[in-house]
Amino acid sequence: MSKKLAILGSTGSIGRQTLEVVDMFPGEFEVVALSAGSNAALLTEQIRKYRPAVAALMDENYLTALKDGTAGLKVEIAGGLEGLTAAATYPGVDIVVTAVSGRIGLIPTLAAIRAGKTIALANKETLVAAGSLVMAEAKRCGVRIVPVDSEHSAIFQCLEQQSPVSRLIITASGGPFRGKTRKELQAVNRDMALHHPNWQMGAKITVDSATLMNKGLEVIEARWLFGFGWEQMSVLVHPQSVIHSMVEYQDGSILAHLGQPDMRIPIQYALTYPDRRANRLERLNLIGKTLSFEEPDLETVPALALALAAGKRGGTMPGVLNAANEVAVNLFLQNKIGFLAIADLVEKVMSRHRVVDNPDLDQILTAD
């Protein structure tokens with residue numbers, strides 16, 4: 001019997017690659033629900049190809065175009081956050097792939113958990129803003145959360161050996177500006193920041209990778225996903241992006257997960273878990289490769305340090321960090337602020353925030 005999928009953010013980078021994985025395994029998956037932000041044209045193409053039962057568009061200004069483009073097809077069209085939630089909770093869906101960008105994924109992810117859906121989590125902001133609440137709800141509902149991010153998928157797989165763990169080692173490519181000085185970073189523009197050396201990703205996450213904010217968000221996410229203490233978290237810059245993360249065990253041995261820098265590999269594992277399937281993706285060739293590691297430069301690019309501080313402080317601070325970063329990155333992508341101003345703005349917002357400890361969902365959304 002095929003697994004029934006809802007893909008939230010189907011027109012984004014992870015969403016499109018998820019559909020590529022679906023295409024690699026005819027008959028194993030059925031796309032039941034799709035959602036997008038505002039890309040009505042691409043969502044229309046996807047609806048025509050995959051024939052989902054429901055499709056949602058977050059930006060309701062484009063709903064008319066979507067309805068016109070899918071006229072005559074048997075598909076329920078919905079809009080806004082309610083539409084996104086309807087897609088996430090659609091009856092019969094087995095796995096919800098949360099591939100939307102930003103904190104907008106929180107509400108539909110919680111709704112999907114409460115509806116008993118397995119979560120293939122690619123939206124790290126959900127756990128950054130509300131990790132304690134989300135994980136508690138998943139435990140209460142008996143729902144499995146399988147990580148899609150390459151780093152968390154790597155840790156997830158390394159932890160399949162049930163032994164005492166000393167620390168998690170989350171690797172970072174260092175982004176396109178590794179080794180640059182702050183003076184050199186003053187000249188960075190949008191196009192430069194969007195040119196990642198190893199990965200093909202959406203604009204927001206690519207900028208986050210350049211500032212190292214993405215790695216900080218991933219550390220916070222890992223803290224909630226795997227339940228380890230802050231003292232057990234570490235980050236290493238690994239420019240080749242071959243080792244996606246590592247787990248150090250109590251006896252000093254380290255298990256590392258290696259693979260091509262291709263998001264379709266962890267996406268496939270999340271969809272087929274606990275099974276592995278042969279695929280046609282390029283294999284990793286280690287001949288002639290040199291693998292190197294270095295400490296992250298927290299002074300030159302301080303976003304990682306800000307994220308770690310927010311995570312350790314807890315309460316509403318991680319959500320505020322995430323919200324401020326979303327706005328700052330958007331300003332940068334519109335060429336309204338410089339590259340270094342992203343972290344500066346986030347730090348300024350954090351310094352002015354009065355933290356609410358043990359927040360409920362309303363308090364988290366208010367802080368956001």
Side-chain angles (χ1 to χ4, degrees), residues 4-26 29-90 93 95-109 111-112 120 122-123 125 148 190-191 193-196 199-208 262-264 267-268 271 326-327 329-336:
K4 294 178 170 56
L5 306 181
I7 304 173
L8 310 184
S10 64
T11 61
S13 176
I14 296 297
R16 295 194 306 272
Q17 291 179 85
T18 299
L19 290 171
E20 289 179 26
V21 172
V22 169
D23 292 342
M24 289 193 294
F25 299 96
F29 303 105
E30 179 185 351
V31 178
V32 174
L34 293 172
S35 84
S38 60
N39 194 340
L42 181 52
L43 184 57
T44 297
E45 292 179 19
Q46 292 174 345
I47 292 169
R48 289 185 172 278
K49 178 176 181 179
Y50 296 99
R51 300 302 174 97
V54 62
L57 202 57
M58 186 65 189
D59 191 334
E60 297 184 76
N61 292 319
Y62 297 91
L63 270 180
T64 299
L66 183 64
K67 291 176 179 177
D68 290 346
T70 56
L73 299 181
K74 191 177 179 181
V75 57
E76 177 185 339
I77 302 295
L81 188 57
E82 289 185 3
L84 202 61
T85 303
T89 58
Y90 197 80
V93 166
I95 301 173
V96 177
V97 180
T98 59
V100 294
S101 177
R103 55 86 181 157
I104 200 67
L106 174 56
I107 297 296
T109 300
N123 173 254
E125 293 87 353
V148 168
R190 182 184 189 277
D191 291 340
L194 291 178
H195 186 67
H196 195 281
W199 295 93
Q200 295 296 319
M201 304 177 292
K204 196 268 183 180
I205 193 173
T206 303
V207 174
D208 281 348
D262 186 334
M263 280 303 303
R264 291 173 295 179
I267 290 169
Q268 177 185 320
L271 296 184
E326 282 192 34
V327 174
V329 170
N330 188 49
L331 290 172
F332 172 73
L333 289 171
Q334 295 178 58
N335 299 311
K336 292 182 177 179

Quick check: does any side chain N or O of D59 sit under 3.5 Å from a backbone N or O of G37, one acting as donor and the other as acceptor?
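Not a single qualifying donor-acceptor pair exists.
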
Can you give me the closest heavy-atom contact between [X] and [Y], atom names plus distance?
| X | Y | value |
| --- | --- | --- |
| L43 | T11 | N-CG2, 3.8 Å |
| L63 | G79 | CD1-CA, 3.8 Å |
| I47 | A55 | CD1-CB, 3.5 Å |
| A40 | A65 | CB-CB, 4.3 Å |
| Q17 | D262 | OE1-OD1, 4.1 Å |
| S35 | L84 | OG-CD1, 3.0 Å |

Atom [atom1] of [X] and atom [atom2] of [Y]: how far apart are they, to the nearest 0.5 Å?
| X | Y | atom1 | atom2 | answer |
| --- | --- | --- | --- | --- |
| M24 | Q268 | CE | CD | 5.0 Å |
| F332 | K204 | CZ | NZ | 13.5 Å |
| M58 | I104 | CE | CD1 | 3.5 Å |
| L42 | S10 | CG | OG | 7.0 Å |
| L331 | E326 | CG | CD | 12.0 Å |
| L5 | E30 | CG | CD | 8.5 Å |

Does a sphere of radius 6.0 Å around CD in E82 hold more than 12 heavy atoms from other residues, nucleotides or ligands, not counting ones at 6.0 Å or beyond?
no

May I ask you to check whether over 12 heavy atoms, not counting those of F29, lie within 6.0 Å of atom CZ?
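More than 12 within 6.0 Å, yes.
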
Any [X] side-chain heavy atom under 4.5 Å of [Y] side chain:
| X | Y | answer |
| --- | --- | --- |
| P52 | V32 | no |
| L81 | P108 | yes |
| V148 | M263 | yes |

Decide side-chain contact (heavy atoms from CB on, under 4.5 Å) for L333 and L194; before the verdict, give the C-alpha distance in whole Å, the side-chain angles of both, and the deciding distance to 0.1 Å.
CA-CA 9 Å; L333 289 171; L194 291 178; 4.1 Å; yes

Charged N to carboxylate O below 4.0 Å: is that the case for R103 and E125?
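Looking at R103 and E125, the cut-off is not met.
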
Any salt bridge between R264 and D23, counting N to O under 4.0 Å?
no

Would R48 and L73 count as a side-chain contact (heavy atoms from CB on, under 4.5 Å) here? Give the steps.
CA-CA 8 Å; R48 289 185 172 278; L73 299 181; 3.8 Å; yes

Could you walk me through whether V75 and I77 pass side-chain contact (heavy atoms from CB on, under 4.5 Å), step by step?
CA-CA 6 Å; V75 57; I77 302 295; 4.0 Å; yes

Evaluate L271 against T18 for side-chain contact (heavy atoms from CB on, under 4.5 Å), listing each step before the verdict.
CA-CA 9 Å; L271 296 184; T18 299; 4.1 Å; yes

